[in-house]
Amino acid sequence: MIKIKLNNKDKDIEDSSSISALIELLELNPHSIVTEVNLNIIQKDKREDYILNDGDRVEIITFLGGG
Amino acid sequence: MLKIGDKEFSSRLLSGTGKFRDKNDIKKMLEKSGSQIITIALRRVNLENPQDNVLNYIPKHITLLPNTSGARNADEAVRIANIAREAGCGDFIKIEVIHDAKYLMPDNEETIKATRILAKDGFTVLPYIMPDIVTCKKLEDAGASVVMPLGSPIGSNAGLQTKSILEMIIENSNIPVIIDAGIGLPSQAASAMEIGADAVLINTAIATASNPALAGEAFSWAIKAGRIAYLSKLQEQSQYANASSPLTGFLNL
């Protein structure tokens with residue numbers, strides 16, 4: 001297991017998990033979110049190949065109503 | 001036509017996606033009001049209770065105006081802007097830097113900083129500001145595409161409390177002036193257009209109406225009337241009567 005910061009909270013995930021695997025684990029709709037790792041945006045088509053490392057700061061962002 | 005960046009719009013009503021009780025009303029409101037630009041916000045996904053992405057409720061032909069709400073300084077605003085662009089929202093960005101939770105007043109200084117950075121980086125920047133003529137000039141120099149001074153505090157429905165300053169800003173500006181925040185009634189929107197605003201941004205008043213689509217339509221008519229009134233150059237008010245019929249007596253020629 002590795003420990004990442006997910007939306008500013010600690011989260012343990014399997015070694016060599018990709019971002020896509022994390023999204024699946026969280027049961028999120030991959031089309032409606034933006035993913036950022038250590039302040040870099042990871043494009044949708046790169047999520048499958050992007051393997052997370054211990055200590056990574058992952059942000060999962062979405063669009064909400066706002067004025 | 002309202003020109004912002006390299007885009008032209010026939011509608012002078014910018015709308016928002018906040019506070020809708022039913023997100024399905026957003027589409028109906030856009031149809032009825034004719035609004036072609038709509039604001040959206042970005043937030044971390046609530047992992048315990050993921051919410052619907054608001055983009056699913058906005059037709060594709062509408063221009064998205066992501067805001068940087070939640071940003072407390074220029075750096076955070078720049079970060080949010082970049083996320084929005086990377087996510088495919090286009091290059092329009094409403095800069096909103098607020099760190100005062102009570103009055104929700106924008107920080108003009110940080111907004112100028114963020115505008116300079118983002119305009120240089122190719123964004124079409126729409127900064128939301130406290131009405132101030134010096135700030136507006138600095139924003140123009142920093143590359144802002146428009147300025148968006150507030151009429152009154154966000155969500156207050158208090159109308160154009162800053163009217164006399166807005167008039168000076170409009171007179172002095174070389175870029176479009178969009179009155180953002182505080183407009184609660186179509187008559188207030190008309191008033192903003194009558195003094196020469198190029199457009200208005202209405203969210204709360206429309207979204208919280210019992211019938212948002214109908215409210216959007218009312219605002220769109222008011223904005224059109226106000227715009228035409230401005231173009232017609234109406235005469236100023238006077239303290240004394242001014243007869244509209246000849247003053248001579250009926251039979252005393």
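Predicted model only: the values in this text are computed from it and were never measured. Proteins get letters first, then strands, A, B, ... in listed order; numbering begins at 1 in each.
- Panel note: side chain A:Ser32, backbone B:Asn53; no donor-acceptor pair is recorded below 3.5 Å.
- Other residues, nucleotides and ligands contribute at most 12 non-hydrogen atoms within 6.0 Å of the CD atom of A:Glu14.
- Going from atom CD1 of B:Ile40 over to atom CZ of A:Phe63 covers 5.0 Å, rounded to the nearest 0.5 Å.
- Of all heavy-atom pairs between A:Gly66 and B:Ala41, the closest is CA-CB, 4.0 Å.
- For a residue to count as touching a neighbouring chain, one of its non-hydrogen atoms must lie under 4.5 Å from one of that chain's; by this rule B:Asn203 touches chain A with the side chain only.
- In this structure, chain A has heavy atoms under 4.5 Å from both the backbone and the side chain of B:Ile83.
- Residue A:Lys9 touches chain B through its side chain alone, counting heavy-atom pairs closer than 4.5 Å.
- Distance NE2/A:His31 to CG/B:Asn56: 10.5 Å, rounded to 0.5 Å.
- For A:Lys5, the NZ atom counts as densely surrounded, since its 6.0 Å shell holds more than 12 non-hydrogen atoms of other residues, nucleotides or ligands.
- Exactly one of A:Ile60, A:Val34, A:Ile23 qualifies for a side chain to side chain contact (heavy atoms under 4.5 Å, CB included) with B:Val45. That residue is A:Ile60.
- Here CG of B:Leu42 is found 8.0 Å from CG of A:Leu64. Values are rounded to the nearest 0.5 Å.
- Contact tally against chain A (heavy-atom pairs below 4.5 Å) for B:Val54, B:Leu64, B:Asn82: the top residue is B:Val54.
- Neither the backbone nor the side chain of B:Asn46 has a heavy atom closer than 4.5 Å to any heavy atom of chain A.
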List the steps and the verdict of side-chain contact (heavy atoms from CB on, under 4.5 Å) for B:Arg79 and A:Leu39. CA-CA 9 Å; B:Arg79 185 175 166 211; A:Leu39 299 182; 3.3 Å; yes

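- In this structure, the separation between CD on B:Glu86 and CD1 on A:Ile61 is 11.5 Å, given to the nearest 0.5 Å.
- Taking the charged nitrogens against the carboxylate oxygens, B:Arg44 and A:Glu36 have no contact shorter than 4.0 Å, which rules out a salt bridge.
- Between chain B and the residues A:Leu28, A:Thr35, A:Asn8, the most heavy-atom pairs under 4.5 angstrom are made by A:Asn8.
- Counting heavy-atom neighbours within 6.0 Å of A:Gln43 CD, excluding the residue itself, gives a total above 12.
- Contact of B:Lys19 with chain A is not made at all, since no heavy-atom distance falls under 4.5 Å.
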